[in-house]
Amino acid sequence: MESLDLVRTVSPPIAALGSSFYFDPGTLARGKEAGLDGFRLYFLGRGGVLGDVEAEVVHSAFGYFNFGLASKIWNSAKEVMPAREAGTLYMECAGAFGASKLGDVEGLDAFNAAADRVIAAGLANCAGQALFAGTAAEPRSDDTAARAFQNVAVLRELRGSLHLVAVVASGLTPETAHRIRRPDDVTMFGWTDDVEVTDDDRARWETAEALTDELLAPIYGVLDGAEATALTDGVAAIEAALSS
């Protein structure tokens, strides 16, 4: 499989699967123990890998949220728990989710080996990808199933960070990109629902999508044929397990 085809095959399920643990009951329970509701745990957990930073930094790395909302949630969450601790906690939540859901899935050792290679290749040239780099720097579990899902979460951040780069390079604002990608979630991300998306905006969105895949292709290109198959089969098996 050519690397661009590999990217186009695995990216959609990785994007969908990598967020599966965000509001899972187990994750929410860990957040409650720490004094954080689900949304604050999401912000502080994802963004905590960046450190004890200002809301502007998190807004920059997340990209798609209205700054007013991002600032309110981030700053109030930091009052409850140190950001770096939350970043580590969130990766642990991802691992716990994987351990609970993927224990019977076969082929995950080979998947992890392939995913680890892609992540290492991404880290070798990760300019402009602070959220991916920070997430990838968090320790991942030695348990096969836990690590598999953690790897999915990290690969999701890899594409997400590069997609934000591609959006800006294509002349779109992240707000407009979000309106195109997730029109039903506009208000949840802090935006009003009265802004028109133009045909030019949609064309630029398609350009950004294609550019994202092109940026990812050489990273995934470090895999040989067997490794690419292991990655593809692993993603499909994880998707099947989480859909059952």
Side-chain angles (χ1 to χ4, degrees), residues 14-15 17-101 112 115-116 119-120 122-123 126-143 145-165 174 178 185 188-191:
I14 285 173
L17 297 170
S19 62
S20 299
F21 79 103
Y22 288 168
F23 301 102
D24 179 73
T27 300
L28 295 178
R30 293 288 299 276
K32 186 176 181 180
E33 291 174 2
L36 295 166
D37 61 37
F39 205 29
R40 282 171 176 78
L41 177 62
Y42 163 80
F43 254 89
L44 201 64
R46 268 189 85 203
V49 298
L50 301 170
D52 184 15
V53 297
E54 290 73 16
E56 286 84 355
V57 178
V58 177
H59 177 246
S60 173
F62 278 27
Y64 302 101
F65 285 88
N66 176 280
F67 175 70
L69 175 64
S71 178
K72 176 183 177 181
I73 300 301
W74 175 256
N75 288 331
S76 60
K78 281 204 304 175
E79 294 176 357
V80 177
M81 185 178 192
R84 286 297 290 114
E85 290 183 19
T88 299
L89 172 64
Y90 219 43
M91 184 58 77
E92 291 174 355
C93 288
F97 180 85
S100 70
K101 303 288 187 180
N112 281 334
D116 286 344
I119 292 167
L123 288 172
C126 59
Q129 303 163 63
L131 192 56
F132 158 64
T135 305
E138 284 295 323
R140 298 195 292 282
S141 177
D142 292 331
D143 177 81
R147 188 182 187 89
F149 188 79
Q150 288 173 329
N151 277 334
V152 171
V154 175
L155 290 173
R156 184 180 191 272
E157 298 292 14
L158 170 60
R159 189 185 193 281
S161 292
L162 282 174
H163 187 55
L164 190 57
V165 170
H178 181 69
D185 294 333
M188 184 178 75
F189 278 63
W191 307 108

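Keep in mind that this is a model prediction, so the values were computed, not measured.
In plain terms, the two heavy atoms of F149 and G18 that are nearest each other are CZ-O, 4.0 Å. Of all non-hydrogen atoms in G128 and V165, the two that sit nearest each other are O-CG2, 3.7 Å. Between N112 and A148, the shortest heavy-atom distance links the atoms OD1-CA, 3.0 Å. Closest approach of S60 to L164, counting heavy atoms only: O-CD2, 3.5 Å. The two atoms that bring Y90 and R46 nearest to each other are CD2-N, 3.5 Å, heavy atoms only. Residues L36 and M81 share a closest heavy-atom pair of CD1-SD, 4.0 Å.
Taken to the nearest 0.5 Å, the SG atom of C126 stands 11.5 Å off from the CG atom of L131. Considering CZ of R147 and CG of D142, their distance stands at 7.0 Å, rounded to 0.5 Å. For the atom pair F62 CZ and Y42 OH, the distance stands at 5.0 Å (nearest 0.5 Å). Between atom CD of residue E56 and atom OG of residue S71 there is a gap of 6.5 Å, rounded to the nearest 0.5 Å. Separation of atoms CD (E54) and NE2 (H59) is listed at 14.5 Å; rounding is to 0.5 Å.
W191 contributes a side-chain N or O that, together with a main-chain N or O of Y64, makes up a donor-acceptor pair within less than 3.5 Å. A side-chain donor-acceptor contact under 3.5 Å links Q150 to the backbone of S141. No donor-acceptor pair under 3.5 Å is formed between the side chain of W74 and the backbone N or O of V57.
Residues F65 and H178 have side chains not in contact (no heavy-atom distance under 4.5 Å, counting atoms from C-beta outward). Side-chain contact check for V154 versus M91: some heavy-atom pair is nearer than 4.5 Å. Between L89 and L41 the shortest side-chain heavy-atom distance falls below 4.5 Å.
The side-chain hydrogen bond (donor to acceptor under 3.5 Å, both in side chains) search around N66 returns none, not counting sequence neighbours. Listed by chain and number, the residues in a side chain to side chain contact (heavy atoms under 4.5 Å, CB included) with S76 are R40 (sequence neighbours excluded).
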Test side-chain contact (heavy atoms from CB on, under 4.5 Å) on R84 and D52; report intermediate values, then the result.
CA-CA 7 Å; R84 286 297 290 114; D52 184 15; over 6 Å; no
Determine whether E79 and N75 satisfy the following criterion, side-chain contact (heavy atoms from CB on, under 4.5 Å), listing intermediate values before the conclusion.
CA-CA 7 Å; E79 294 176 357; N75 288 331; 5.6 Å; no
Can you give me every donor-acceptor pair (side chain of residues 19-26, partner residue at least two apart or in another chain, under 3.5 Å) with its distance?
residue: S19; atom: OG; partner: A16; partner atom: O; Å: 3.3
residue: S20; atom: OG; partner: L17; partner atom: O; Å: 2.8
residue: Y22; atom: OH; partner: R156; partner atom: NH1; Å: 3.1
residue: D24; atom: OD2; partner: G26; partner atom: N; Å: 3.0

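Taking the six-membered ring where tryptophan is involved, the planes of F39 and F43 are perpendicular, since the angle between them exceeds 60° and thus also 30°.
Between T135 and the options L158, L155, V49, I119, a side chain to side chain contact (heavy atoms under 4.5 Å, CB included) holds for only V49.
The local environment of NZ in K101 is sparse, with at most 12 non-hydrogen atoms from other residues, nucleotides or ligands closer than 6.0 Å.
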